[in-house]
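Please read the structure below before turning to the comments.
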Amino acid sequence: MSAILQIKGVSKSFGGIIANQSITLSVANKQITGLIGPNGSGKTTLFNSICGTHPIDEGSINFNGKEVSTLPIPAVAKLGLLRTFQQTHIYGKLNCIQNMLISAKPKSDNLFSIFSKIPLDLNNEAEHILEFVGLYQKRFLRAGDLSFGQQKLLELAMALMNKPKMLLLDEPTAGINPTLINGIIDRLIKVNEEYGITLLIIEHNMKVIMNLAEEIFCLTHGKLIAQGTPKEIKNDQKVIDAYLGK
């Protein structure tokens with residue numbers, strides 16, 4: 001399977017602290033891939049570098065055939081590479097439909113103009129995606145009144161409004177009621193299968209990532225120490241040592 005994301009020799013430091021050191025990995029197109037590692041292992045820094053938040057010190061990041069390591073965040077997003085966050089980035093005072101319409105990146109920044117003349121097809125698309133993630137019945141509810149798990153689903157829906165080729169998901173099940181986790185997993189699988197979107201997921205819940213990912217990469221101390229199938233990662237002694245200590 002061809003790679004949609006290729007990272008070669010990527011390093012990133014903050015002062016004297018090395019966050020990522022010579023990381024090389026490839027993410028297969030239209031696949032669900034996991035990125036794991038103990039706290040402070042450099043996972044979120046790598047995400048930030050991929051999306052343009054932190055310029056890398058050395059190496060290259062190629063997305064869908066284009067070098068993106070020198071591009072700003074909006075340019076990377078325009079190519080179809082988007083991310084979600086551990087803490088949701090939503091507009092709490094607006095309802096779910098309004099959040100969806102804002103996320104579609106209209107030409108005008110004026111909120112009145114965004115909501116005064118809404119194309120019917122855009123509104124229909126927003127409602128369709130909200131139904132897909134299970135939030136249709138709450139479409140007129142203020143986003144800030146949703147549960148944290150529902151807010152994460154809304155953020156996922158907002159990303160889908162931009163028709164991404166790839167999504168980087170930073171701990172999509174963190175802080176969610178355990179009874180809702182299976183629903184999140186189900187939606188992510190459907191995003192991959194029905195929309196054909198490549199997913200790269202940071203996740204600390206090992207049960208979740210083992211059930212979701214076809215391939216997993218493990219970082220520790222800013223270095224890539226292992227890669228393989230969930231079964232291979234589960235039995236890799238370097239991964240076990242990284243989490244439990246030698």
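What you see is a predicted model; the values in this text were computed from it and never measured.
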Atom CG of N95 and atom NZ of K93: how far apart are they, to the nearest 0.5 Å? 14.5 Å
Kindly compute the distance separating CG (L81) from CG (N162), expressed to the nearest 0.5 Å. 12.0 Å
Test log, rule side-chain contact (heavy atoms from CB on, under 4.5 Å), inputs L167 and L200: CA-CA 6 Å; L167 279 175; L200 178 59; over 6 Å; no
What distance do S69 atom OG and N62 atom CG have between them, rounded to the nearest 0.5 Å? 9.0 Å
Closest non-hydrogen contact found for I209 with G34 is CD1-CA, 3.7 Å
Test log, rule side-chain hydrogen bond (donor to acceptor under 3.5 Å, both in side chains), inputs E203 and T173: CA-CA 8 Å; E203 184 56 68; T173 68; 3.0 Å; yes
So, does D186 use its side chain to make a donor-acceptor pair with the main chain of N182 at under 3.5 Å? no
Is there a path of hydrophobic side-chain contacts, each under 4.5 Å between heavy atoms of I, L, V, M, F, W or Y residues, that connects F63 with I73? no
If you compare all heavy atoms of P38 against all heavy atoms of A242, which two are closest, and at what distance to 0.1 Å? CG-O, 3.4 Å
Sub-3.5 Å donor-acceptor pair from the side chain of R139 to the main-chain atoms of C96, do we have one? no
Here the pair of heavy atoms bringing I202 nearest to T44 is CD1-N, 3.9 Å
Does Y91 OH have over 12 foreign heavy atoms under 6.0 Å away? no
Roughly how far apart are K152 NZ and I176 CD1, rounded to 0.5 Å? 5.0 Å
Using the rule that two of Ile, Leu, Val, Met, Phe, Trp, Tyr join whenever any of their side-chain heavy atoms come within less than 4.5 Å, decide whether Y136 and L160 are in one cluster. no
Of the options V191, L199, L188, I216, which is the one that meets I32 in a side-chain contact (heavy atoms from CB on, under 4.5 Å)? L199
Any side-chain donor-acceptor pair under 3.5 Å between T198 and N29? yes
Hey, is NZ on K138 packed in by over 12 heavy atoms from elsewhere, all under 6.0 Å? no
T53 side chain to S49 backbone, donor-acceptor under 3.5 Å: no
Nearest 0.5 Å, what's the CD1-CE distance between I90 and M100? 12.5 Å
Tell me whether the centres of the aromatic rings in F14 and H54 are closer together than 6.0 Å. yes
Please report the closest heavy-atom contact between L79 and K165, naming both atoms and the distance. O-NZ, 3.6 Å
With rounding to the nearest 0.5 Å, note down the distance linking CG in L153 to OG in S147. 8.0 Å
Test side-chain contact (heavy atoms from CB on, under 4.5 Å) on L169 and R83 and set out the steps. CA-CA 6 Å; L169 303 161; R83 71 170 294 185; over 6 Å; no
side-chain contact (heavy atoms from CB on, under 4.5 Å), paired with K43, selected from L35, N48, D170: L35
Looking only at heavy atoms, what is the nearest atom pair of E67 and S60, with distance? OE1-CB, 3.4 Å
Where A143 and Q151 come nearest, the two heavy atoms and their spacing: O-NE2, 3.5 Å
Return yes if a side-chain donor-acceptor contact under 3.5 Å exists between E215 and T33, otherwise no. no
Same apolar cluster: L180 and F148, side chain cutoff 4.5 Å: yes
Are L25 and I18 co-members of a hydrophobic cluster defined by side-chain heavy atoms under 4.5 Å apart? no
Show the numbers, then the answer: is there a salt bridge (charged side-chain N to carboxylate O under 4.0 Å, His left out) between R187 and E194? CA-CA 10 Å; R187 293 302 189 284; E194 298 182 21; over 6 Å; no
Go through the steps for E58 and S11 under the test side-chain hydrogen bond (donor to acceptor under 3.5 Å, both in side chains), then give the verdict. CA-CA 5 Å; E58 60 182 31; S11 296; 3.3 Å; yes
Test side-chain contact (heavy atoms from CB on, under 4.5 Å) on L46 and I7 and set out the steps. CA-CA 10 Å; L46 186 60; I7 297 171; 4.2 Å; yes
Evaluate side-chain contact (heavy atoms from CB on, under 4.5 Å) for I102 paired with L94, printing each intermediate quantity in order. CA-CA 10 Å; I102 286 179; L94 301 179; 3.3 Å; yes
Should I225 and L219 be counted in the same cluster of Ile, Leu, Val, Met, Phe, Trp and Tyr side chains packed under 4.5 Å apart? no
